[in-house]
Student: 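Before I ask anything, here is the structure I am working with.
Both counts, for ligands and for their atoms, begin at 1 and track the order of listing. Quick caveat: nothing in here was measured; it's all calculated off a predicted structure.
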Amino acid sequence: MNIEELAARLDEAVRDATAIAQLSDERPLTLDEAYAVQRAGIALRVGRGDPVVGVKLGFTSEAKARQMGVSDVIIGQLTAGTEVTDGASVDLATMVHPRVEPEVAFRLGVELSPENDDPLSTVAEVAPALEIIDSRYRDFRFSLEDVVADNTSAARYVLGEWLPFAQHRGRVSDAEVTLAFDGEPREHGSTSAILGDALLAVAAAQRMAARYGLPLPAGSVILAGAATAAVAMEPGVLVEATVEGLGGVSVRSGGGDG
Ligand code: 0L1
Ligand code: MG
């Protein structure tokens, strides 16, 4: 199977919400090939009128990186069609086995070019965020290359209220984070779980985007990475993340069997 065929297989799995075998079971991929599969998959979405609006980082927590035996973060792409409005419902039946994690999001006021040596100067706004990840592989099991090809398990994301970065920058590095289901806390953590300091996510996104040829124009959203472990979604639940000093963001889960 070539890169386009592998991308089409994953794309079909996303659209059918059906788990598939790991690509690496059939064809070992290099990391560069895995990113090529990711780009080809995103090109299919763009071709259907779903534009890229930003990027997301994965494996930003030391624990998760160690578990996967990796020493660097991974980058995926966010498309407009995968955003869920704060407080709205997401249908679990449209995903395979979704999990949710609390994050922080940045929005760029100007382009973040690979040459910029002060990446934080390009950030205009910051917001609390939720990411719903959904590996398209059976049992959420994959190699590093598999998950990169699968757009780093990106499925949906929800953004809270955007706040001016200049005034809130001091709150971002080490803010307390809670993930709650129907008001019951499920996970507690800190934005410092994101690369030791969530602000470092902007430079990491710049570096990874430059390496894999992803532009970061003004207006791009950067999802920084998870502040706690991801939790399996359950039907009929209000999922809320609260980030100290930045506020909250929520999504309601509907449909599916969890
Ligand atoms: O956003 C993330 O941290 C997910 C990275 C991919 C690994 C996973 O699916 O757990
Ligand atoms: Mg994430």
Student: Has N2 got a side-chain atom pairing as donor or acceptor with E4's backbone, closer than 3.5 angstrom?
Tutor: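 Yes: the side chain of N2 pairs with the backbone of E4.
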Student: Listing request: all ring pair (Phe, Tyr, Trp, His ring centres under 6.0 Å) pairs with a residue in residues 68-90, at least two apart in sequence or in separate chains.
Tutor: none
Student: Which pairs with one or both residues in residues 31-51 pass ring pair (Phe, Tyr, Trp, His ring centres under 6.0 Å), sequence neighbours excluded?
Tutor: Y35-Y212
Student: Report each N/O pair between ligand 1 and the protein that falls under 3.5 Å, naming both atoms.
Tutor:
{"residue": "ligand 1", "atom": "1 (O)", "partner": "K56", "partner atom": "NZ", "Å": "2.7"}
{"residue": "ligand 1", "atom": "1 (O)", "partner": "E101", "partner atom": "OE2", "Å": "2.9"}
{"residue": "ligand 1", "atom": "1 (O)", "partner": "E131", "partner atom": "OE1", "Å": "2.9"}
{"residue": "ligand 1", "atom": "3 (O)", "partner": "E101", "partner atom": "OE2", "Å": "3.3"}
{"residue": "ligand 1", "atom": "9 (O)", "partner": "S153", "partner atom": "OG", "Å": "2.6"}
{"residue": "ligand 1", "atom": "10 (O)", "partner": "K64", "partner atom": "NZ", "Å": "3.2"}

Student: For the residue pair R156 and T94, confirm or rule out a side-chain donor-acceptor distance under 3.5 Å.
Tutor: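 Indeed, the side chains of R156 and T94 share at least one donor-acceptor pair under 3.5 Å.
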Student: Under 4.0 Å between a side-chain nitrogen and a carboxylate oxygen: does that hold for D150 and R9?
Tutor: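 The answer is no: the pair does not qualify as a salt bridge.
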Student: Counting distance only, does the side-chain N/O of D197 pair as donor-acceptor with the main-chain N or O of L199 below 3.5 Å?
Tutor: yes
Student: Check whether more than 12 heavy atoms from other residues, nucleotides or ligands sit under 6.0 Å from atom CD of Q167, and answer yes or no.
Tutor: yes
Student: Suppose the cut-off is 2.8 Å; which protein N/O/S atoms would you list for the Mg ion (ligand 2)?
Tutor: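 As for protein N, O or S atoms lying under 2.8 Å from the Mg ion (ligand 2), they are E101 OE2, E103 OE2, E131 OE1.
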Student: Flag yes if more than 12 heavy atoms outside R141 fall under 6.0 Å of its CZ atom; otherwise flag no.
Tutor: no
Student: With a 6.0 Å cut-off (strictly less than), is the heavy-atom count around CD of E161, excluding the residue itself, greater than 12?
Tutor: no
